[in-house]
Amino acid sequence: MSSMWGQTLKISLFGESHGPGIGVVIDGLPSGHRLDEEAIRQFMLRRAPGRSPWSTRRQESDETEILSGLYGGRTTGAPLAALIRNTDARSADYGDLVNKPRPGHADLAGSFRYQGFQDPRGGGHFSGRLTAPMTFAGALCRQILLEKGLWIAAHVYEIAGIPDEPFNPVDPDEKRLAALAAKPFPVLDDAAGARMIEAVEKARLSADSVGGVIETIIAGLPAGLGDPIFEGLESRLSSLVLGIPAVKGIEFGSGFSSARMTGSIHNDTPVIVDDKIRFRTNHSGGIQGGISNGMPVVFRIAVKPTPSIGQEQQTINLSEMNEEQLIIKGRHDPCIVPRAVPVAEAAAAIFALDLMLGAGFFRTHEPSGF
Ligand SMILES: Cc1cc2nc3c(=O)[nH]c(=O)nc-3n(C[C@H](O)[C@H](O)[C@H](O)COP(=O)(O)O)c2cc1C
């Protein structure tokens with residue numbers, strides 16, 4: 001099993017949902033950046049479980065212990081290792097999952113891959129809990145990016161088919177979007193948010209779950225970053241974001257609706273604004289030919305309904321090789337989407353910092369040589 005990502009900045013996630021702890025090693029951070037640990041804690045609280053009706057009742061503070069790579073409050077440039085201890089694991093709820101895999105979860109596919117030796121408790125290393133250290137890494141990257149004027153925001157774009165107001169992809173209002181982070185349910189249109197919460201509650205009461213879409217924006221990314229074909233920005237960002245458990249799709253800019261547009265509508269017209277090259281529209285989502293064009297990078301991800309539901313479902317018994325009924329115990333989100341919003345922001349930040357570091361943006365001095 002390997003859960004590593006990145007080129008210049010590399011992250012490596014470790015741990016299991018019901019083991020002693022989970023964490024991340026971040027390699028390639030620039031030195032000298034003062035971390036605001038309280039801001040990181042606040043960012044992680046947006047993802048932490050047990051804080052809202054649409055979240056699992058598992059209570060985890062997700063307090064993060066930084067073991068290395070930080071001295072006097074500043075990054076040293078050495079690998080930064082962070083550990084989050086699991087404090088509210090109820091492993092007894094998951095005793096039989098190796099034999100009776102949960103439909104829609106990774107239990108069966110994990111058994112195919114690891115011959116049943118994988119830790120099955122709460123999904124083990126496949127658990128959505130692994131997004132906690134990823135969120136930590138993203139919160140840290142985000143702070144470093146802010147120094148270069150890059151900012152990132154995300155919101156619940158849709159749940160159970162109920163839409164929020166979309167982001168303005170050409171001229172986003174930084175203040176308005178920054179305010180989303182303080183909302184327990186991050187939407188622009190609170191009335192739409194209330195209808196979404198109702199749909200989640202309805203699913204919870206019928207022991208079911210619902211999915212949705214998250215929209216994320218990265219503003220301030222300089223033009224000209226990336227490479228064509230396989231190392232394009234879309235490919236690189238997708239390889240990270242599609243690694244988030246339960247994410248099943250991604251689109252950039254106008255995405256799949258581009259397929260129903262004409263060229264005369266879809267083409268983003270370049271214009272000169274204050275002596276700078278901009279585009280009148282942003283159907284490309286800030287990326288053309290795999291390379292940033294200076295417009296905000298806008299992407300949306302599809303999040304499937306939570307696989308673990310309370311209803312009785314059919315599965316198979318692997319040791320008996322017959323079909324059986326399954327009632328899942330344990331505590332589960334009726335909808336993953338709201339908690340995955342900061343995870344999407346974190347992924348965007350890790351992606352953007354890797355890109356910026358690769359392009360040499362954080363070099364504070366030239367190597368002096370010998
Ligand atoms: C923040 C977050 C929370 C999640 N919570 C749950 C959960 O409570 N129950 C569950 O069955 N799946 C949960 N998942 C999703 C599973 O981890 C995921 O569906 C599973 O690992 C299979 O991976 P896949 O859906 O990408 O194929 C969560 C995912 C995320 C990102």
Side-chain angles (χ1 to χ4, degrees), residues 1 3 13 15-18 22 43-60 62 84 86 88-91 93-94 97 100-114 118-139 154 156 159 185-186 200 203-204 207-214 216 238-250 301-311 313 315 326-348 350:
M1 255 183 228
S3 298
L13 299 179
E16 288 86 24
S17 178
H18 290 229
I22 51 180
F43 187 84
M44 290 185 68
L45 275 179
R46 291 171 56 205
R47 191 221 70 95
R51 281 170 179 73
S52 52
W54 48 87
S55 156
T56 158
R57 297 289 182 269
R58 182 171 174 173
Q59 295 286 335
E60 293 282 2
D62 288 350
I84 302 169
N86 293 323
D88 187 25
R90 283 193 211 155
S91 306
D93 288 343
Y94 297 92
L97 290 185
K100 291 172 79 171
R102 288 169 295 175
H105 213 290
D107 304 336
L108 186 55
S111 276
F112 289 149
R113 173 71 175 84
Y114 298 104
Q118 79 281 11
D119 182 344
R121 300 167 301 167
H125 189 69
F126 294 94
S127 168
R129 190 146 171 70
L130 269 291
T131 58
M134 187 169 167
T135 304
F136 168 84
V156 176
I159 281 180
F185 196 86
V200 174
R204 192 178 69 79
D208 214 336
S209 59
V210 284
V213 178
I214 296 168
T216 308
S238 301
S239 71
L240 177 60
V241 170
L242 293 175
I244 300 171
V247 172
K248 300 305 278 186
I250 186 164
I301 52 175
V303 181
K304 74 184 196 184
T306 318
S308 300
I309 54 172
Q311 291 176 20
Q313 299 173 85
T315 186
L326 172 73
I327 296 190
I328 296 172
K329 293 185 199 140
R331 298 153 291 172
H332 300 280
D333 300 89
C335 182
I336 293 164
V337 179
R339 290 183 56 218
V341 168
V343 184
E345 287 178 37
I350 295 165

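Ligands are counted one by one from 1 in listed order, and the atoms in each one are counted from 1 as well. These numbers were taken from a predicted model, which means no experiment stands behind them.
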Do the non-hydrogen side-chain atoms of Val213 and Val303 ever get within less than 4.5 Å of each other?
no
From CA spacing to verdict: salt bridge (Lys or Arg N to Asp or Glu O under 4.0 Å), Lys100, Asp107:
CA-CA 8 Å; Lys100 291 172 79 171; Asp107 304 336; over 6 Å; no
Are any of the side-chain heavy atoms of Arg339 and Asp333 separated by less than 4.5 Å?
yes
Heavy-atom contact check, 4.0 Å cutoff: does Ala340 meet ligand 1?
no
With a 4.5 Å limit on heavy-atom distance, are the side chains of Pro103 and Leu108 in contact?
no
Gly128 to ligand 1: N or O pair under 3.5 Å?
yes
Short side-chain donor-acceptor distance under 3.5 Å, Ser127 and Glu16:
no
Donor on one side chain, acceptor on other, Ser3 and His125, under 3.5 Å:
yes
Consider ligand 1: state whether an atom of it lies below 4.0 angstrom from any non-hydrogen atom of Val343.
no
I'd like to know if Arg129 contacts ligand 1, where contact means a heavy-atom distance under 4.0 Å to any ligand atom.
no
Counting only heavy atoms, tell me which of Ile309, Ile336, Leu242 gets closest to atom 28 (C) of ligand 1.
Ile336
Tell me the contacting part of Thr131 for ligand 1: side chain, backbone, both, or neither, using a 4.0 Å heavy-atom threshold, strictly below.
side chain
A student comparing Thr135, Ile244, Asp333, Val247 should find that the heavy atom closest to atom 5 (N) of ligand 1 comes from Asp333
Can you check whether Ala106 has an N/O within less than 3.5 Å of an N/O in ligand 1?
no
Contact (N/O only, under 3.5 Å) between His332 and ligand 1
yes
Near Lys248 (heavy-atom distance under 4.0 Å), the atoms of ligand 1 are 27 (O)
Would you check if there is a donor-acceptor pair between the side chains of Ser17 and Arg121 at a distance under 3.5 Å?
no
So is Thr306 polar-close to ligand 1, meaning N/O to N/O under 3.5 Å?
no
How far apart are the closest heavy atoms of Asp208 and Gln311, and which atoms are they?
OD2-NE2, 3.5 Å
Element-labelled atoms of ligand 1 that are located less than 4.0 Å from some non-hydrogen atom of Lys304
19 (O), 24 (P), 25 (O), 27 (O)
